[in-house]
Amino acid sequence: MKLYEKSAYEIAAMLRSRKCSAKELLHDVMGRARELQPRLNAYITFNDQAENAAENADRLIAKGGDIPPLCGIPIAVKDNISTKGLRTTCASKMLENYIPPYSATAVELLEAAGAVIIGKTNMDEFAMGSASDTGAFGAVYNPADTAYSAGGSSGGSAAAVAGGGAVLALGSDTGGSVRQPASFCGAVGFCPSYGAVSRFGLIAFASSLDRIGSIGRNVRDVHMLHNIINASDIKDVTHIPKKFSKTLCGSLKGMRIGVPKELFDEYISDEVKSAVMNAVKLMERAGAIIKEVFLPSASAAVKAYYIISSAEASSNLARYDGVRYGFRADNCTTPAEMFRKSRTEGFGDEVKRRILLGTFVLSEGCFDRYYKRAAALRQKLCGEFDDIFTECDFIAAPVYPNAGILHGAERKPAELYAADICTVPSSLGGLPAVSIPCGRAGNGLPIGLQLIGRRCGDEELLDAAYGYELAGGGCDV
Ligand code: GLN
């Protein structure tokens, strides 16, 4: 097995026992990432300081003593997470040359834990999309079959990890953007409880929904990464206190798993349904108790999600006006012309669509009809989740209705939005959710099982996901 194929756990042990150095490891993983780049387009920027970070890691390891947990491990970071001195574009022409003067808290925590930031990964522009094809740097291709998208919006992070071009990666999940690309690429993608990971330095899309999530090739690796970035941070007022991590034990005995009928409806393809139901049966054989549950607001949740997220985006993206930073159009004669031209030329079509939609739902006369109703629906949905969690410990569901999204296929935006039905409910509820490979479709693409947990029950959720892995779950079951 090549170094770049090994799990973070194995690599951490190898580094500590000097079976390889951080520098060798970086060369191997970076070499793989560059080799894949023409095929996958997973990265926007490679970090030219990575070599220095690897040398520092080797010095720390040579000193011995207390070696930080991620010491020497190459990690990719989605390009909407700020990295001091390293270009952060959000895959937008608007931020094409933006070099942040500070790092996101999650990135600072990774660096303090000895990680080596290998580069910044490609994505949908400002994380708006489902196929990593709305950005200014080209689409991301699926390592399992490049005719298909890597998913989105964290497609670059998922493709890099699945292909061996990173050991671990950070993504962001507002309505499914960590879980869905992880499922398409055959990786594990974890979206923690809202507030469990500081949003400081994550470039805002929809602030009441945005989360930084972890992607890895197995549940233990993801748990290892999440443990580092899960820390209290006064720079994010919505943060929740750190939960002390336990070693995963992976027992599913007596766990009550709810299967919501509404997330297995007719719009879910048969092969996805059957792969997910097989995973549920596997968990039952491992000792879990399966119950049918109801989430009546699931399909309305998609509408509420697109209203709320677009409303927040329209406000968050107002700052890109060409004045202080970001793209500025040339040859403008008045400030008004400069704002208009900078925004017209700097944003892509999908981002403009969301800004327009968001501005519309917040406008006078529409606010009560759209925004307020969406907010009420969100409350109702939270109540439905609370009811489920009185009788269940977890919820099992698909991640996405189909196995993969073909590149270049004609798609109406509304169809793509509607396909987010399985991921947006937990986003609106602020609940932790994880996607784990659970089989392959006829086209060869991996399929993901989604497990959703109680708010702040992140550790328990990852433990259940680990239980599924131990029971034999995975892509090639
Ligand atoms: N597909 C969803 C959207 O386009 C999810 C995006 C995300 O989670 N960043 O909004």
Side-chain angles (χ1 to χ4, degrees), residues 77-81 89-92 121-135 139-140 149-158 169-184 189-194 197 199 202-215 301-314 316-317 347-358 361 374 378 398-402 404-405 411-435 448 450 452:
V77 175
K78 186 176 180 178
D79 213 19
N80 59 349
I81 301 174
T89 69
C90 275
S92 181
T121 54
N122 202 351
M123 52 183 280
D124 281 296
E125 185 177 9
F126 283 97
M128 297 172 191
S130 302
S132 293
D133 59 358
T134 68
V140 185
S149 157
S153 64
S154 313
S157 290
L170 293 186
S172 72
D173 193 311
T174 303
S177 280
V178 159
R179 291 162 281 163
Q180 185 256 40
S183 84
F184 286 0
F190 175 53
C191 172
S193 291
Y194 180 78
V197 176
R199 282 182 296 114
L202 167 66
I203 296 178
F205 162 10
S207 310
S208 79
L209 296 154
D210 292 342
R211 302 180 220 174
I212 292 181
S214 303
I215 300 178
V302 179
K303 295 174 196 147
Y305 165 81
Y306 275 92
I307 290 170
I308 293 169
S309 65
S310 302
E312 293 184 21
S314 73
N316 275 326
L317 272 62
F347 289 134
D349 288 348
E350 184 59 29
V351 170
K352 284 180 195 156
R353 190 175 294 123
R354 309 275 180 123
I355 293 174
L356 288 175
L357 178 64
V361 298
R378 186 178 192 174
V399 178
Y400 203 71
N402 308 301
I405 297 175
R411 283 183 308 262
K412 295 200 180 75
E415 284 167 15
L416 212 51
Y417 298 171
D420 285 339
I421 173 146
C422 299
T423 48
V424 297
S426 66
S427 299
L428 289 167
L431 309 175
V434 61
S435 149
Q450 182 177 206
I452 302 170

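Just so you know, ligand 1 is whichever comes first in the structure, and atom 1 is the first atom listed for that ligand. Just so it is clear, the values below take in all heavy atoms, side chains as well, and ignore hydrogens, waters and symmetry mates. Here the structure is a predicted model, which means the values were calculated and not measured.
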Using salt bridge (Lys or Arg N to Asp or Glu O under 4.0 Å) as the criterion, list what pairs up with Asp79, not counting sequence neighbours. Lys120
So if I apply the side chain to side chain contact (heavy atoms under 4.5 Å, CB included) rule between Ile203 and each of Cys90, Ser92, Ser172, which one comes out positive? Cys90
Expected list for residues 413-422: side-chain donor-acceptor pairs under 3.5 angstrom, two or more places apart:
from: Tyr417; atom 1: OH; to: Glu350; atom 2: OE2; distance (Å): 2.6
from: Asp420; atom 1: OD2; to: Tyr306; atom 2: OH; distance (Å): 2.5

Are the charged groups of Lys78 and Asp124 less than 4.0 angstrom apart, N to O? no
For residues 173-184, which residue pairs pass the salt bridge (Lys or Arg N to Asp or Glu O under 4.0 Å) check, not counting sequence neighbours? Asp173-Arg179
Compile the protein residues with any heavy atom at a distance under 4.0 Å from an atom of ligand 1; present them by chain, then by number. Ala127, Met128, Gly129, Ser130, Ser153, Asp173, Thr174, Gly175, Gly176, Ser177, Phe205, Tyr305, Tyr306, Arg354, Asp420
Between Thr423 and Gln450: side-chain donor-acceptor atoms closer than 3.5 Å: no
